[in-house]
Amino acid sequence: MICKKVAIKDERGLHLRPATLFACIAQKFDADILVQYRGKTVGGKSAIGLLQLEVTKGGEILIYIQGREQESAMKALLEFICTN
Amino acid sequence: MKLQRIGRFLSTIVFQNISGLIALGMIRVFFSPSGWWPNPHIYQVVNPMLQYFIPVLFAYSGGRIIGGKRGGVISSFVTIAMAAGNNTSYTLILPAMAIGPLIGYLIAKIDKWLENRIPVGFELLIYNMAAGLIGVCFAIFGLIFVNPLINKGVELIFTGDTLLTKSGLLPLVALIIEPSKVLFFNNVINHGILEPLGIQQTKEFGKSIFFLLESNPGPGFGLLLAYFVRLKGKKKAAVKSSLVIQVLGGIHEVYFPYALMNPWVIIPLIFGGMAGDLIFYLLKAGLVATPSPGSLFIILMMAPKGNFMAVIAGFLLSALVSFLGSLYVLSQGKVVEELMTQPHQQDMLIQPVENSHQAMPIKKIIFACDAGYGSSAMGAAMLRKKFKQANLGIPVNHASVDEIPRDADLVITQIQLTQRASKMAPHAEHLSISSFDEDTFYEDLIARLKSQKDNNERKEVANEMELTEDHILLDMEAKDKWEAIEQIGYALVARGNVERQYIEEMKQREQVVSTYLGNGVAIPHGIDVNSPRVKKPGIAIAQYPKGINFGNGKTAYLLIALAGQGPQHLSVLSELAEMIESRQKVNQLLFSKSPEEMIRLIHDSGLFYFEEIAEANRS
């Protein structure tokens with residue numbers, strides 16, 4: 001299991017488009033992915049779940065990944081958040 | 001697993017009666033012939049207490065837990081009958097811990113058997129008669145047949161542990177005690193095993209070393225001290241408070257996580273425990289009753305006159321050995337460096353066990369630990385204090401893992417106990433902590449509960465999204481998603497929510513990334529949240545029973561078009577996602593036959609309360 005904390009930069013928070021893309025990237029990897037924000041935890045492979053977190057701009061989310069491809073999954077997700 | 005459960009059960013029996021044992025211990029310390037103020041008149045109560053009071057107490061507790069009040073009463077009856085007929089010097093303390101549950105079990109079984117066989121109106125009479133009969137039978141049976149057997153058995157155990165005490169091998173039990181303690185078996189070992197043996201021994205010699213073996217805070221204290229020396233900054237402060245809580249508060253649980261962080265420290269812990277036990281043995285130290293909780297204060301209070309120095313020496317030496325050993329281990333391992341360089345690693349403390357109930361509002365929080373008196377009470381008190389500061393009015397209670405109330409919404413346990421806790425309370429949400437002094441845990445929890453509070457307020461913002469019967473399109477058909485977006489977009493235009501150009505913005509947004517969300521639902525909306533094309537926020541919903549291809553092999557059957565403004569966009573999305581997560585809800589929306597039904601369905605899911613606005617618009 002690896003875990004990283006990262007802040008959402010998007011002006012409008014984690015809204016539909018970034019949530020969909022995040023889930024899309026997450027689905028590609030063979031690993032369990034959880035995202036936590038303000039004590040609430042959802043699966044990282046579902047945009048429906050991610051939207052319920054209501055992450056606003058600057059909100060720090062925790063990403064937990066466990067599984068065979070955990071390293072590459074974390075790298076891809078962090079890259080996505082940092083460039084978006 | 002079975003053995004574990006039995007051990008835990010026995011420890012519960014003793015744990016519930018600790019205050020009585022401590023009272024008896026005080027009488028010993030003060031008034032025994034070797035005590036501070038020898039007084040035979042007062043001291044004479046000790047013997048009947050040991051002969052009758054404690055066995056009956058244990059039998060009652062055990063019987064009541066399993067067989068209800070009547071189980072407790074009859075267990076006591078049988079125990080006192082057997083005690084009265086017992087003319088040896090052994091007490092029935094150990095047998096009572098078996099008699100209680102046994103009789104309780106019988107009563108429970110018979111009650112169940114009788115349940116459907118009693119004529120109405122005779123319940124009280126027959127239940128009591130049956131229980132009474134069991135009492136009489138077992139009292140006679142016990143007096144005649146079991147008593148001699150028990151005496152033999154107790155004699156055997158007793159010679160066994162006397163042999164162990166005298167042989168000098170006693171310090172070796174640290175090999176078992178220290179590792180099991182760290183794995184949260186501390187209560188089982190202390191109250192389930194060592195304590196009954198100790199009480200028995202105390203009756204013979206006036207004190208027992210068994211009370212010191214598990215409760216000695218020395219090894220844990222040394223370990224925490226080593227962490228205190230090695231760590232820096234915020235972590236250091238956390239260890240400091242753990243130190244005080246452990247050695248003076250007697251809540252040993254606070255050091256277990258530190259031991260689990262670097263399993264090698266178990267070796268110094270064992271050596272620390274052995275060193276202490278050896279000193280206790282050589283100096284013939286002992287206590288007159290269990291110090292519970294294992295605080296230095298209570299330990300010294302329970303030490304008979306003339307034993308202080310021996311007890312303190314054992315404590316100090318075990319702390320010293322464990323401290324030096326742990327310090328060595330910590331300077332070898334990488335754990336400390338990691339702790340110091342990667343503070344974020346610690347954020348992993350909250351681990352989701354189950355998250356399907358996240359949407360439920362939290363009204364009752366339970367802190368649970370093995371026994372339900374020590375660390376859970378402390379954790380609950382800490383949380384209550386923080387809630388008060390944060391102005392949150394949610395009640396926080398503490399309980400034993402086995403007795404978590406059914407209506408608890410959120411249960412907090414130490415990580416090793418979470419699995420057990422979630423079995424006990426499957427409907428609650430479970431959070432784990434690995435250490436009680438972890439501030440980030442409490443901060444995150446408070447932030448979340450506050451957002452729960454804010455959420456209710458934010459719901460009212462969503463109210464401003466207009467949804468009327470004109471916003472609902474039933475049984476639609478379209479050749480592709482662009483046509484569908486045009487159709488649903490027009491519903492918003494027709495109601496004056498948006499200007500015509502907004503439809504183009506919706507298409508642009510669709511081109512960037514598909515707005516397909518999941519469960520057959522897509523949420524088309526404009527590309528710019530602050531679009532000047534939005535005149536008044538609103539929502540349109542359309543059914544497409546034949547499905548619309550949204551790319552990537554995804555088919556949407558329900559379209560929900562949003563015309564939102566600025567900051568409320570995110571919370572509207574979040575609420576919609578909550579609804580769409582339920583397949584059942586989506587299906588209901590998809591197959592509903594009238595706009596009124598659709599609005600009612602959305603209304604019922606507690607998302608948007610549009611009625612008043614809709615009404616205002618009509619008039």
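Note: hydrogens, waters and symmetry copies are ignored here, and every other heavy atom, side chains too, is used.
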Output the distance between atom [atom1] ([X]) and atom [atom2] ([Y]), rounded to the nearest 0.5 Å.
X	Y	atom1	atom2	answer
A:Leu51	B:Ile523	CG	CD1	7.0 Å
A:Ile48	B:Leu517	CD1	CG	4.5 Å
B:Glu429	A:Thr41	CD	OG1	7.5 Å
B:Leu445	A:Arg38	CG	CZ	12.5 Å

Less than 4.5 Å to any heavy atom of chain A: does that hold for the side chain of [X], its backbone, both, or neither?
X	answer
B:Thr515	both
B:Val512	side chain
B:Ile527	backbone

- request: Please check if atom CD in A:Gln27 has more than 12 non-hydrogen atoms from other residues, nucleotides or ligands closer than 6.0 Å.
  value: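 More than 12 within 6.0 Å, yes.
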message: What part of A:Leu50 gets within 4.5 angstrom of chain B, counting heavy atoms only: side chain, backbone, both, or neither?
response: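 It is neither, since no heavy atom gets under 4.5 Å.
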- prompt: Measuring heavy-atom distances to chain B, does A:Ser46 have an atom under 4.5 Å in its side chain, in its backbone, in both, or in neither?
  reply: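 For A:Ser46, there is no contact with chain B at all, as no heavy atom is under 4.5 Å.
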message: Which heavy atom of A:Gln52 sits nearest to which heavy atom of B:Ala577, and what is that distance?
response: NE2-O, 3.4 Å
